[in-house]
2 protein chains.
Amino acid sequence: MAPVPHGHVTLVQVARWAGVSAQTVSNAVNNPERVAPATRERILAAVEELGYEPNLSARALRNRSSSLIAFKTRPARTDKASLLMDEFLYALNAAAAEAGYHLILCHAEDGSANEIKAYRDLLKKTSVDAFVLAETHRNDDRVSALRSWGVPFASFGRSWDGDEATSWVDVDGRAGTRAATEHVAAQGHCRIGHIGWPAESEIGSERREGWLEGCRGRELETDLQAAVADTLEAGRQAAHRMLDSSRPATALVCASDTLALGVLRALHERGLRPGADVAVTGFDDSPTAALVSPGLTTLHQPIDVVGRQLIQSIDNLLAGDLRDPQHVLLEPELIVRGSSLPGPPRQ
Amino acid sequence: MAPVPHGHVTLVQVARWAGVSAQTVSNAVNNPERVAPATRERILAAVEELGYEPNLSARALRNRSSSLIAFKTRPARTDKASLLMDEFLYALNAAAAEAGYHLILCHAEDGSANEIKAYRDLLKKTSVDAFVLAETHRNDDRVSALRSWGVPFASFGRSWDGDEATSWVDVDGRAGTRAATEHVAAQGHCRIGHIGWPAESEIGSERREGWLEGCRGRELETDLQAAVADTLEAGRQAAHRMLDSSRPATALVCASDTLALGVLRALHERGLRPGADVAVTGFDDSPTAALVSPGLTTLHQPIDVVGRQLIQSIDNLLAGDLRDPQHVLLEPELIVRGSSLPGPPRQ
DNA sequence: CTGTTAGCGCTTTCAC
DNA sequence: GTGAAAGCGCTAACAG
C-alpha cells in the first residue's frame with residue numbers, strides 16, 4: 001500500500017509559496033540569523049499562512065534526534081494511597097510540551113533486566129533523545145546502562161551512589177519528616193514515635209533521619225521506632241505496639257500516608273481520637289489524606305517543580321552542557337490537618 | 001552539527017551480512033511469505049545476530065505511519081479519590097506495547113479547543129496512527145474533529161451521541177450501581193437513597209438509572225435522591241439531608257467513592273456506624289476505599305480489559321476494518337467491604 | 001523469488 | 001545570504 005496523501009504542509013510547499021528554496025525555509029525556521037530579515041519575514045509569514053509544522057520523523061531520520069523523551073510507566077499500586085506518579089506524569093508531560101518535547105511511554109515487566117532491554121529496544125527503534133527515570137535506588141542498573149550507552153537522562157530521585165555525573169531532582173524527605181516532627185513537638189508532644197520502612201530503602205532512611213534530627217533537636221527520646229513494610233496493616237500493628245509501650249507514644253510520625261492510615265485505624269480500634277489523643281502525620285499528601293476524618297497532616301511534594309526541573313536538566317544535557325549536571329533538592333510542604341492538632345477536629 | 005554515528009544496525013548491514021539486497025531483508029521482516037524459506041531463515045538469523053531493530057522514524061517517513069498512539073494526559077484531580085486514570089494509562093500502555101505500538105502523550109490546557117489544536121499539531125508533526133480518548137461526553141468536539149480528519153480513534157467511554165461509527169469501550173455504570181443497590185437490599189435495607197451527579201453527566205445518569213432499576217425491582221421507594229457535585233463535602237451534606245428525613249435512609253448508594261467518603265464523614269459526625277447503622281457504597285474502587293475503616297464497598301472497573309480492548313479496536317481500525325466498529329460494555333465488579341455489611345466491621 | 005530505482009521531508013555540507 | 005546536491009533508513013513499484 002502506497003503512502004496516502006496526507007495534506008501536511010512540507011518545507012518545499014512553503015518554499016514555493018515564499019519563492020525561495022527549501023533550504024532557506026529550513027534556515028529561517030531553525031537558524032533565523034542566517035537569513036536576511038526581509039526573506040525571513042516573508043518565509044515566516046508563509047509558514048504561518050500555510051500552517052506548516054516540521055515533520056518530526058524526517059527530522060529524526062536526518063538528525064538522529066526526535067525531541068522524544070521516554071518514561072517507563074509502572075503499575076499503580078492499589079495498596080498505596082499515593083497519586084504521586086499520576087501527578088508526576090502530568091507535570092512532566094506539561095513541562096515537556098512547553099519545552100517542545102514529547103513524552104513517549106515505555107513498558108516493561110518488572111525487573112531491571114526487562115526494563116533495560118525495553119530501553120535498548122526503544123533507542124534502536126526510535127531515536128529518543130533522553131530518558132527520565134523514577135524511583136532510583138542504590139546500584140541502579142538502569143543508571144549504569146544508560147550511562148554506558150551515552151544516553152542523556154535525568155532522574156526523579158537522587159543518585160544514591162554518590163554519582164555526581166547524574167542530573168537529578170528529588171524531594172528532601174529528611175527535611176520534611178523533621179518539619180513534621182517539630183510540628184508535633186510544638187504541640188507539646190514528648191513521646192514521638194516513628195513508623196518507617198526498612199533500612200534497605202534509601203528514601204525510608206532519609207525520612208527516619210529527619211525524625212531523629214527533629215527529636216534530638218528538642219532532646220526527645222528516640223526509642224519508639226519501627227521499620228515495616230509500606231502497608232496499612234503494618235502501620236496499624238506498629239501503632240498498637242507503640243501505644244502498648246509502658247510509656248506510650250503520644251505522637252506518631254510516619255514515612256507514608258499508607259502507614260499513617262494504618263495508625264488511624266489502630267487509634268479507631270482503641271477508641272482514641274487522632275489529634276486530640278494522639279497526633280499522626282503521614283507523607284505524600286495523597287488524596288486520601290484530605291478525605292479521611294479528621295484530615296491527615298502530611299507532606300506535599302512540589303511535583304510540578306520536579307517535572308519542570310527534570311525537563312530543564314534534560315534540555316541542558318541535550319544542549320551539550322554535559323559538564324554541569326544539576327542536583328536539585330526540593331523541600332516538601334507540611335500540610336497541617338486535624339490529625340496532628342489538639343483541638344476538636346474540624347476537617 | 002552532523003548526525004553522529006549511532007551504532008544502530010540498518011537494513012543494509014543486515015543485507016550485506018546475509019548476502020541479499022536491502023529490499024529482501026525488508027520483505028523477510030514485513031512480508032515473510034514473499035521470501036523463499038531458506039533465504040528468509042538466513043536473513044532472520046542475521047537480524048537476530050546483529051540485533052537489528054527497524055528504525056521507526058524512517059518507516060514513519062516512508063509509510064506515513066508511526067505505530068504511535070496518542071493519549072492526552074489530564075491533571076490528577078487531588079480532590080478525587082480515584083486512581084483510575086493512573087491505572088488506565090498503565091493498562092493502555094501495556095496493551096499497546098504488546099501489540100507493537102507506543103504511546104505518545106499529548107498535552108493541552110483545559111478546553112476542547114486547545115485539545116483539538118494539540119491533536120492537530122501532533123498529527124502534523126509526528127504521523128501518529130491513532131488517538132485514544134477518555135471521558136467522552138455528549139457533543140464531544142474531539143470526536144467530530146478526529147472524524148473530520150479521518151484519523152482512527154477509540155474512546156474509553158461510549159459515544160453518547162448514538163454515534164455508531166465510533167469504537168468505544170466502557171464500563172456499565174448502570175449495571176454496577178444496580179448490583180450495589182441489590183446488594184444492600186439483600187442486607188434487608190428498604191430505605192435506599194442515592195447520591196449522584198447532576199443530570200448533565202451522562203455517566204451520572206447511567207449510575208442513577210442503575211439505582212432506580214435496583215429499587216424498582218424490589219418495589220422500594222425512590223424518593224431519596226440527590227444530584228450534587230463530585231466532592232466529599234457535597235456527599236457529606238447530602239447524607240445529612242437524607243438522614244434528617246422523616247423516614248431516613250438506612251442505605252446510601254453513591255455514584256463515586258468521593259461522595260461515599262463524604263457520607264462516611266457525615267455518619268461519623270452523627271455517631272452512626274457505617275455498615276451496622278447505615279450501609280454505604282461507592283464507585284471506582286479507589287485506594288482510599290480499601291484504606292478507610294471500615295472498608296468501603298464499591299465497584300471495581302476492569303481497567304486492564306478496557307486497555308486491551310481499546311488497543312484491539314485501534315488495531316482493527318488500522319488494519320482497515322473500518323466497517324465494524326467495536327462497542328464493548330464491561331461489567332464492573334462489586335467489592336463488598338465493611339461499609340455495607342451489618343456485622344461488626346472486620347476490615 | 002529477488003534486485004534496482006526512487007523518494008518520503010528534512011538538514012548539513014559546499015558552491016555561488 | 002541563498003541554492004543545489006546528497007543522504008538519513010526504509011519500503012512500494014516495477015523489472016528481471
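The chains referred to below are lettered A, B, ... by the order of the sequence lines, with proteins before strands, and numbering in each begins at 1. Computed from a predicted model, the values in this text were never measured in an experiment.
- Taking every heavy atom of residues 35-49 of chain A and every atom of DNA chain D, pairs under 4.0 Å involve V35(A), A36(A), T39(A), by number.
- Taking atom CD of Q13(A) as the reference point, atom C1' of dG9(C) lies 11 Å away to the nearest angstrom.
- In this structure, the CG atom of L56(B) is 18 Å from the P atom of dC8(D), given to the nearest Å.
- Side-chain atoms of R62(A) lie closest to dC8(D) of the nucleotides dC8(D), dA13(D), dC10(D).
- The CG atom of D86(A) sits 8.0 Å away from the CG atom of L89(B) when rounded to the nearest 0.5 Å.
- Tested against N27(A) for a side chain to side chain contact (heavy atoms under 4.5 Å, CB included), the candidates E33(A), R40(A), R34(A) yield a single pass: R34(A).
- Side-chain nitrogen and oxygen atoms of N63(A) include none within less than 4.0 Å of the OP1 or OP2 phosphate oxygen of dC8(D).
- The distance from atom NE2 of H8(A) to atom P of dG9(C) is 10 Å, rounded to the nearest whole Å.
- Note that NE2 of H102(A) is 9.0 Å distant from CG of N93(A), once rounded to the nearest 0.5 Å.
- Remark: of the listed residues V169(A), I69(A), L103(A), I69(A) is the sole one forming a side chain to side chain contact (heavy atoms under 4.5 Å, CB included) with V132(A).
- In the set dC10(C), dC8(D), dT11(D), dC10(C) carries the atom at the smallest distance from any side-chain atom of N55(A).
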Next item on the list: Decide yes or no on side chain to side chain donor-acceptor pair (under 3.5 Å) for T136(A) and R142(A), but give the supporting numbers first.
Entry: CA-CA 9 Å; T136(A) 50; R142(A) 304 172 299 171; 5.4 Å; no
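- One can place CG of L61(B) at 16 Å from P of dG7(D), the figure rounded to the nearest angstrom.
- Separating the CZ atom of R34(B) from the P atom of dG3(C) is a distance of 15 Å, rounded to the nearest angstrom.
- Nearest-nucleotide positions on DNA chain D place E33(A) closer to the 5' end than the other of Q23(A) and E33(A).
- Annotation: F88(B) is in aromatic contact with F71(B) [ring centroid separation under 6.0 Å].
- In this structure the side chain of Y52(A) never reaches within 4.5 angstrom of the side chain of K124(B), judged on heavy atoms.
- At whole-Å resolution of the value, CD in E53(B) and P in dG9(D) are 15 Å apart.
- N27(A) comes within 4.0 angstrom of no nucleic acid atom, judged by non-hydrogen atoms across all strands.
- Position along DNA chain C of the nearest nucleotide to T24(B) versus A58(B) favours T24(B) as the more 5'-ward residue.
- Closest contact between the side chain of T10(A) and the listed nucleotides dC10(C), dT11(D), dG3(D) involves dC10(C).
- Contact check, R64(B) against dC8(C): no side-chain N or O comes under 4.0 Å of OP1 or OP2.
- For the pair L11(A) CG and dA5(D) P, the computed distance is 17 Å after rounding to whole Å.
- When rounded to the nearest whole Å, the span between NZ of K125(A) and P of dC8(D) equals 23 Å.
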